Protein chains: 2
Amino acid sequence: MINLEKKLRAAGLRPTKQRLLISNYLFSGSHMHVTADSLYSELSKSGVNISLATIYNVLNIFTSHGLLREISIDSSRSYFDTNTKKHYHYYYEKTAKLEDIDIEKLQINPLPEKRNGFDVSSIDIVIRVNG
Amino acid sequence: MINLEKKLRAAGLRPTKQRLLISNYLFSGSHMHVTADSLYSELSKSGVNISLATIYNVLNIFTSHGLLREISIDSSRSYFDTNTKKHYHYYYEKTAKLEDIDIEKLQINPLPEKRNGFDVSSIDIVIRVNG
DNA sequence: TAAGGTTTTTAGAACTATTCTAAACTAGTT
DNA sequence: AACTAGTTTAGAATAGTTCTAAAAACCTTA
């Protein structure tokens, strides 16, 4: 967990107890996709009690400091992805689960870089499947 | 406006006064992107008073009957697109406006049709620009 | 063209996800 | 150890959307 402290500091964030606990859940294994609610209940389930306000707070601050990426899938809730590299998503409509698509798996031609003089800030691709 | 009545009936919907007024706004000119709120205030501005509940109701029923397409851009609100053909979007972050991208303008390789045995139901691409 | 059954509209309440508030607490500095 | 700024918290507040149930409109049949 000492590396998590470093990770937070490197992102310019104070390693508080709550942020470390959340980081431990999010960043210790493989990449994952969470919602505020799923994170809150998973932590609660394992005996880690952090207020929902803090969960939201931390998800937002992690996102603005580049530790997470927010994904718009569904207007009814926000997903956060621990994979911050460029990539795309499959979305399983029945289970409401996400799966990463490696950027090399999907070629886009031409890859836009500008539009009307504005820079492209991100390219979001969601492939919805009926399962 | 008689053709709007036909359009609604063809979609299996009763052409009520409110639906016709909304259709007249949405389907009489070129394609557009609306939110419940923008539609409500545009109609109000032109003297057409339809309750917000009906606006939501009609947007949802139009979507489920194929007259509109819902787009997830932003978890804080839903956009509806009068263009129901396959296409993609530019999203202008500052103005929160959408612009259509013709499907031929962007090639995807390989174009996925299945994933884990499930059919692809849609491919949503949003290219965000900082303007 | 009137009656009757079904669908739609409406105002307002309810709900859900998220943010705000301001008081208590904690981390890092001196 | 004391100070200051940043963080957490419970609960209130807010925003977007859906629900409720009563009134109104639509459409069919007579």
Side-chain angles (χ1 to χ4, degrees), chain A residues 1-2 4-26 33-44 47-65 67-68 70-80 96, chain B residues 1-2 4-26 33-44 47-65 67-68 70-80 96:
Chain A
M1 209 131 131
I2 203 73
L4 290 175
E5 182 171 343
K6 266 194 202 136
K7 187 182 172 99
L8 292 183
R9 286 199 198 280
L13 294 171
R14 280 210 221 177
T16 66
K17 208 184 334 172
Q18 289 82 352
R19 287 175 184 172
L20 286 167
L21 288 164
I22 291 173
S23 295
N24 182 53
Y25 177 80
L26 293 175
H33 305 99
V34 300
T35 62
D37 206 64
S38 76
L39 179 56
Y40 179 72
S41 60
E42 282 304 312
L43 289 175
S44 302
V48 173
N49 293 308
I50 296 176
S51 78
L52 193 53
T54 299
I55 297 283
Y56 275 104
N57 206 326
V58 170
L59 287 173
N60 287 331
I61 208 163
F62 278 15
T63 301
S64 66
H65 285 68
L67 299 178
L68 291 174
E70 192 171 359
I71 306 162
S72 270
I73 289 293
D74 180 330
S75 58
S76 78
R77 72 199 130 199
S78 273
Y79 286 79
F80 294 86
Chain B
M1 209 133 132
I2 202 73
L4 291 175
E5 180 170 344
K6 266 193 199 137
K7 185 182 173 98
L8 292 183
R9 286 200 198 279
L13 294 171
R14 284 216 250 196
T16 66
K17 208 183 337 171
Q18 288 82 353
R19 287 176 182 170
L20 286 168
L21 288 163
I22 291 172
S23 296
N24 182 53
Y25 177 80
L26 292 175
H33 305 99
V34 301
T35 63
D37 207 63
S38 76
L39 179 55
Y40 180 71
S41 59
E42 282 303 313
L43 289 175
S44 301
V48 174
N49 292 308
I50 296 177
S51 78
L52 194 52
T54 298
I55 297 284
Y56 275 104
N57 206 326
V58 170
L59 286 174
N60 287 332
I61 208 163
F62 278 15
T63 301
S64 66
H65 285 68
L67 300 179
L68 291 174
E70 193 171 358
I71 305 162
S72 270
I73 289 292
D74 180 330
S75 59
S76 78
R77 71 198 131 198
S78 274
Y79 286 79
F80 295 87

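Keep in mind that this is a model prediction, so the values were computed, not measured. Note on naming: letters A, B, ... go to the chains in the order of the sequence lines (proteins, then strands), and numbering restarts at 1 for each one.
The shortest distance between side-chain heavy atoms of B:V34 and B:E42 does not fall below 4.5 Å. At a threshold of 4.5 Å between non-hydrogen side-chain atoms, the residues B:L8 and B:L67 count as touching.
How far NE2 of B:H33 is from CG of B:L39: 14.0 Å, rounded to the nearest 0.5 Å.
B:S78 pairs by the side chain to side chain contact (heavy atoms under 4.5 Å, CB included) definition with A:S75, B:E70, B:F80, not counting sequence neighbours. Every residue two or more places apart in sequence or in another chain that forms a side chain to side chain donor-acceptor pair (under 3.5 Å) with A:S38 is listed here: A:T35. Scored by the side chain to side chain contact (heavy atoms under 4.5 Å, CB included) test, A:S41 finds no partners at all (sequence neighbours excluded).
Tested against A:L21, the residues A:V48, A:L43, A:N49, A:L26 include a single side-chain contact (heavy atoms from CB on, under 4.5 Å) partner, A:V48.
The side chain of B:S51 places an N or O atom within less than 4.0 Å of a non-bridging phosphate oxygen (OP1 or OP2) of C:dT10.
The separation between A:I55 atom CD1 and D:dA10 atom P is 11 Å, rounded to whole Å. In this structure, A:I22 places its CD1 atom 8 Å from P of D:dT8, rounding to the nearest Å. C:dT7 atom C1' lies 8 Å from atom CZ of B:R19, rounded to whole Å.
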Exercise. Sugar-phosphate atoms are those with a prime plus P, OP1 and OP2; base atoms are the rest. Using that split, label each nucleotide of nucleotides 15-25 of chain D B, S or - for protein heavy atoms under 4.0 Å, 5' to 3'.
Key: -SBBB------

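Residue pairs satisfying the side chain to side chain donor-acceptor pair (under 3.5 Å) criterion with at least one member in residues 53-62 of chain A, sequence neighbours excluded, are listed as follows: A:S51-A:T54.
In this structure, the helix from C:dT1-D:dA30 to C:dT30-D:dA1 shows an angle of 30° between the axis at its start and the axis at its end, each fitted on 5 base pairs and rounded to 10°.
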